[in-house]
Amino acid sequence: MKKLVLLFLFLSFCILGYSQNTTSFYPNFIGQKLDKIENNEDWKVLQKSTGDLNRDGLNDFALILESKDSILEKRCANCKLLKTKPRIILILLNQNDSDKVIIQNNQFIARGDDGGMLTYLEPELFIENGLMTIYYQFTRFNQSYTFELIDDKMKIIIAESYGVHSASGNFVNDTYDFKKGELISETGNISQEEVKTEILKFNTEPKILSEFGEMFDW
């Protein structure tokens with residue numbers, strides 16, 4: 001019994017220590033300026049996009065950072081503990097001619113080894129017409145998330161997923177419109193022109209970027 005108690009305490013200590021180390025690994029970039037982030041010795045800028053997010057006529061920034069060091073990270077409840085390079089997404093607003101970070105998320109951006117059959121996955125990031133989109137191209141499907149800045153919070157407004165079956169050529173394109181509360185689902189075959197469209201209503205409060213967990217948690 002004594003050995004079991006000691007083993008339990010040891011495992012609890014290890015799990016607690018791992019959790020604390022993983023949490024403390026991520027620096028707090030809130031309030032930092034662009035030049036300081038770009039000169040950070042421990043994190044590199046993987047993706048950078050410029051555009052007017054709050055529609056004040058000034059350029060704002062969205063950044064995806066990747067750690068230069070690897071850590072052990074468990075990405076979901078049923079996932080294995082894997083060695084990976086963490087990624088962070090930052091939103092910087094230009095206020096009074098000075099840009100600073102107002103939003104940071106340490107979990108949502110997919111890691112390089114989250115691509116399934118892909119040997120390396122890297123997101124695309126762009127700002128157009130005041131909206132920010134994160135896009136992933138996998139082997140046979142793609143995934144994108146579009147956010148709008150509302151009251152200094154990045155709220156998801158569109159999520160889109162497109163996939164095609166390699167053998168049959170059948171495809172499914174699902175678009176979630178959170179403003180309209182609609183799921184537009186298109187199905188068909190890449191060799192045929194006919195496309196079947198179904199529109200389903202849903203009532204879900206859209207999340208803000210800082211609330212997101214791993215990539216498919218939306």
Apply side-chain hydrogen bond (donor to acceptor under 3.5 Å, both in side chains) to Ser144 and Thr133, showing your working.
-> CA-CA 7 Å; Ser144 66; Thr133 299; over 6 Å; no

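- The ring of Phe178 has its center no closer than 6.0 angstrom to the ring center of Phe147.
- No donor-acceptor distance shorter than 3.5 angstrom exists from the side chain of Asn96 to the backbone of Ser98, with no hydrogens or angles considered.
- Between Lys85 and Glu66 there is no salt bridge, since no side-chain N of the basic residue sits under 4.0 Å from a carboxylate O of the acidic one.
- A continuous path of hydrophobic side-chain contacts links Phe61 to Val45 [ILVMFWY only; heavy atoms under 4.5 Å].
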Got a list of side-chain donor-acceptor pairs under 3.5 Å for residues 183-192, not counting sequence neighbours?
unit_1: Ser185; atom_1: OG; unit_2: Asp174; atom_2: OD1; d: 2.7
unit_1: Glu186; atom_1: OE1; unit_2: Asn173; atom_2: ND2; d: 3.3
unit_1: Asn189; atom_1: OD1; unit_2: Ser191; atom_2: N; d: 2.9
unit_1: Asn189; atom_1: OD1; unit_2: Ser191; atom_2: OG; d: 2.6
unit_1: Asn189; atom_1: ND2; unit_2: Ser168; atom_2: O; d: 2.8
unit_1: Asn189; atom_1: ND2; unit_2: Asn170; atom_2: OD1; d: 2.9

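- Formation of a donor-acceptor pair under 3.5 Å by the Thr84 side chain with backbone atoms of Pro86 is not found in this model.
- Residues satisfying the salt bridge (charged side-chain N to carboxylate O under 4.0 Å, His left out) criterion with Lys179, sequence neighbours excluded, are Glu148.
- Using a 4.5 Å cut-off between side-chain heavy atoms of Ile, Leu, Val, Met, Phe, Trp and Tyr, with links allowed through other members, Leu209 and Ile156 fall into the same hydrophobic cluster.
- Legend: residues meeting ring-ring contact (aromatic ring centres under 6.0 Å, His included) with Tyr162, ordered by chain and number and at least two apart, are Phe171.
- A donor-acceptor pair under 3.5 Å is formed between the side chain of Ser49 and the backbone N or O of Ile127.
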Any chance you could lay out the side chain to side chain contact (heavy atoms under 4.5 Å, CB included) test for Phe138 and Gln143, step after step, and finish with the verdict?
-> CA-CA 8 Å; Phe138 296 86; Gln143 185 80 34; 4.2 Å; yes

Between Ile91 and Leu53, is a side chain to side chain contact (heavy atoms under 4.5 Å, CB included) present by the stated rule, with each step listed?
-> CA-CA 9 Å; Ile91 308 299; Leu53 288 172; 3.7 Å; yes

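- Transitive grouping of hydrophobic side chains (ILVMFWY, heavy atoms separated by less than 4.5 Å) brings Phe141 and Ile134 into a common cluster.
- Heavy-atom minimum distance, Tyr26 versus Asn106: CB-ND2, 3.4 Å.
- Asn129 places no side-chain N or O within 3.5 Å of a backbone atom of Leu131 that could act as its donor or acceptor partner.
- With values rounded to the nearest 0.5 angstrom, Leu65 atom CG is found 6.0 Å from Ile88 atom CD1.
- Not a single donor-acceptor pair under 3.5 Å links the side chain of Glu38 to the backbone N or O of Asp35.
- With sequence neighbours excluded, no residue satisfies salt bridge (charged side-chain N to carboxylate O under 4.0 Å, His left out) with Lys68.
- The hydrophobic clustering, which links ILVMFWY residues whose side-chain heavy atoms are closer than 4.5 Å, places Leu200 and Phe202 together.
- Remark: Asn54 pairs with Asp52, Asp56, Asp60, Leu93, Leu149 by the side-chain contact (heavy atoms from CB on, under 4.5 Å) rule, at least two apart or across chains.
- Taken from CG in Leu63 to CH2 in Trp43, the straight-line distance is 12.5 Å, to the nearest 0.5 Å.
- In this structure, Gln104 CD and Phe29 CZ are separated by 6.5 Å, a value rounded to the nearest 0.5 Å.
- When the shell of 6.0 Å around CG of Asn28 is examined, it contains more than 12 heavy atoms from other residues, nucleotides or ligands.
- In this structure the side chain of Glu182 reaches within 4.5 angstrom of the side chain of Lys201, judged on heavy atoms.
- Under a hydrophobic-cluster definition in which Ile, Leu, Val, Met, Phe, Trp and Tyr are linked whenever side-chain heavy atoms come within less than 4.5 Å, directly or via other members, Val195 and Ile199 are assigned to different clusters.
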Would you tabulate the side-chain donor-acceptor contacts of residues 114-126 under 3.5 Å, counting partners in other chains and residues two or more places apart, or write 'none'?
unit_1: Asp114; atom_1: OD2; unit_2: Arg111; atom_2: N; d: 2.8
unit_1: Tyr120; atom_1: OH; unit_2: Arg87; atom_2: NH2; d: 3.1
unit_1: Glu122; atom_1: OE2; unit_2: Gln47; atom_2: NE2; d: 2.9

